[in-house]
2 protein chains.
Amino acid sequence: MTAAVSAVPSEPRDPQRIYSIAELAREFAITARTIRFYEDEGLIKPRRQGLTRLYTAGDRTRLGWILRGKRLGFSLAEIKELLDLYQVDRTGVSQLRELLRRSREHIEDLQRKRRDLDAHIKEFEDVEIQVAAELKKRGAETGND
Amino acid sequence: MTAAVSAVPSEPRDPQRIYSIAELAREFAITARTIRFYEDEGLIKPRRQGLTRLYTAGDRTRLGWILRGKRLGFSLAEIKELLDLYQVDRTGVSQLRELLRRSREHIEDLQRKRRDLDAHIKEFEDVEIQVAAELKKRGAETGND
DNA sequence: ACCTACATTGACGTTAACGTAAACGTAAAC
DNA sequence: GTTTACGTTTACGTTAACGTCAATGTAGGT
């Protein structure tokens with residue numbers, strides 16, 4: 001999970017570009033198998049040229065979104081739901097109402113998560129401060145080079 | 001994963017209290033099996049009275065910490081590492097240095113996660129705004145009761 | 001025509017994180 | 001004294017999220 005800053009998701013890309021599966025795999029530091037698996041699960045639907053998969057800039061963005069969701073601890077099933085939220089037809093008023101309700105729900109969920117995260121960060125910052133102080137007391141450098 | 005605000009982790013508790021496994025399970029909305037599993041994995045080590053497990057307020061806090069970590073998308077292995085970080089002996093200077101390094105590393109990881117989270121929230125807030133506007137345009141109430 | 005690099009589809013294996021069932025101990029309640 | 005409620009261990013089952021072959025296709029270079 002906690003990989004060392006591998007994915008390089010944002011460069012000035014032209015929206016016409018087409019990506020191969022290996023390209024996307026490299027860029028996001030995942031395997032092609034993973035991307036195909038996401039397709040099996042209905043998370044992405046690339047065009048085909050014969051059998052070969054062709055990914056648009058939109059597909060690439062979508063993939064990035066999926067991976068970000070994963071990093072935040074959502075399951076693929078949850079991520080699929082959220083992606084489908086965008087895709088849903090917005091013709092009917094009842095659909096719009098539902099969409100609004102769901103996205104508010106999700107925002108609350110994210111905000112809960114944010115509170116958890118902030119609490120977590122605060123604790124570790126406390127550790128850092130105290131340990132740094134202890135080191136200083138012992139006359140050692142704290143590692144700020 | 002995304003349960004509906006179930007755990008009620010903070011009440012004015014006295015630090016002398018002892019908890020049964022079922023009590024903690026109820027409070028955190030998990031099963032006893034899960035708690036025992038965490039013990040097998042070395043995440044908590046309750047006292048025993050014969051065979052029966054007795055949990056202190058510290059154990060309870062620890063359990064809450066574990067579950068928060070899970071909500072944030074950390075694996076149990078990662079959580080164990082982080083918990084052990086606190087437990088490590090802080091006698092030697094080299095241990096302190098290592099502890100400092102690790103906790104800084106972890107803070108950076110959490111901050112990355114926070115950026116992910118903020119981006120996610122922003123996107124959904126945009127959806128909310130636009131959908132609400134669309135609904136208003138159509139003369140329907142937006143659902144703010 | 002052949003090699004090489006990269007693509008494809010199955011199909012089975014694997015790991016993490018528990019669930020579930022069996023078989024049993026213990027202590028209070030009826 | 002036996003039901004009820006809770007606890008225990010042991011062990012096998014399950015689901016999600018991929019990994020790992022194996023067999024095969026395809027496009028480009030020499």
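Letters A, B, ... mirror the listed sequences (proteins, then strands); counts begin at 1.
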- [ ] Walk me through it: do B:Asp116 and A:Arg68 pass the test salt bridge (Lys or Arg N to Asp or Glu O under 4.0 Å)?
- [x] CA-CA 6 Å; B:Asp116 278 351; A:Arg68 196 173 64 191; 5.1 Å; no
- [ ] May I ask you to decide if the ring planes of A:Tyr86 and B:Phe124 are parallel, tilted or perpendicular, using 30° and 60° as cut-offs?
- [x] tilted
With a 4.0 Å cut-off on N to O distance, would you call [X] and [Y] a salt bridge?
{"X": "A:Arg62", "Y": "A:Asp59", "value": "no"}
{"X": "B:Glu128", "Y": "A:Arg104", "value": "yes"}
{"X": "B:Arg115", "Y": "B:Asp118", "value": "no"}

TODO: Would you indicate which nucleotide in C:dG19, C:dA11, C:dT8 comes nearest to any side-chain atom of A:Leu51?
DONE: C:dT8
Open item on the list: Measuring from the side chain of A:Arg53 (C-beta onward, heavy atoms only), which nucleotide among C:dT9, C:dA7, C:dA11 has the closest atom?
Closed with: C:dT9
Task: Of B:Leu76 and A:Ala32, the one whose closest DNA chain C nucleotide lies more 5' - done: A:Ala32
Task: Earlier contact from the 5' end, DNA chain C, for A:Arg33 and A:Leu54 - done: A:Leu54
- [ ] May I ask you to check if B:Lys80 and B:Phe74 form a cation-pi contact, with NZ or CZ under 6.0 angstrom from the six-membered ring centre and within 45° of the axis?
- [x] no
Open item on the list: In dot-bracket form, 5' to 3', how is DNA chain C paired? Count Watson-Crick and G-U wobble pairs only if both distances fall under 3.5 Å, and write | where the partner sits on another strand.
Closed with: ||||||||||||||||||||||||||||||
TODO: Apply side chain to side chain contact (heavy atoms under 4.5 Å, CB included) to B:Glu98 and list each qualifying residue two or more places apart in sequence or on a separate chain.
DONE: B:Arg101, B:Arg102
Open item on the list: Tell me whether A:Val93 shares a hydrophobic cluster with A:Leu85, the cluster being built from Ile, Leu, Val, Met, Phe, Trp, Tyr side chains joined at under 4.5 Å.
Closed with: yes
To the nearest Å, give me how far apart [atom1] ([X]) and [atom2] ([N]) are.
{"X": "A:Glu23", "N": "C:dC6", "atom1": "CD", "atom2": "P", "value": "12 Å"}
{"X": "B:Gln49", "N": "C:dG25", "atom1": "CD", "atom2": "P", "value": "19 Å"}
{"X": "B:Ile35", "N": "C:dG19", "atom1": "CD1", "atom2": "P", "value": "11 Å"}
{"X": "A:Leu24", "N": "C:dA7", "atom1": "CG", "atom2": "P", "value": "10 Å"}

- [ ] Only one of A:Arg47, A:Arg48, A:Arg33 passes salt bridge (Lys or Arg N to Asp or Glu O under 4.0 Å) with A:Glu39; say which it is.
- [x] A:Arg48
Open item on the list: Using heavy-atom distances to pick each residue's nearest nucleotide on DNA chain D, tell me which of B:Asp40 and B:Ala22 is more 5'.
Closed with: B:Ala22
Task: Residue whose nearest DNA chain D nucleotide is more 5′ - A:Thr52 or A:Glu41 - done: A:Glu41
TODO: Give me the first and last nucleotide of DNA chain D, going 5' to 3', that has any atom under 4.0 Å from a heavy atom of chain A.
DONE: D:dA17 to D:dT20
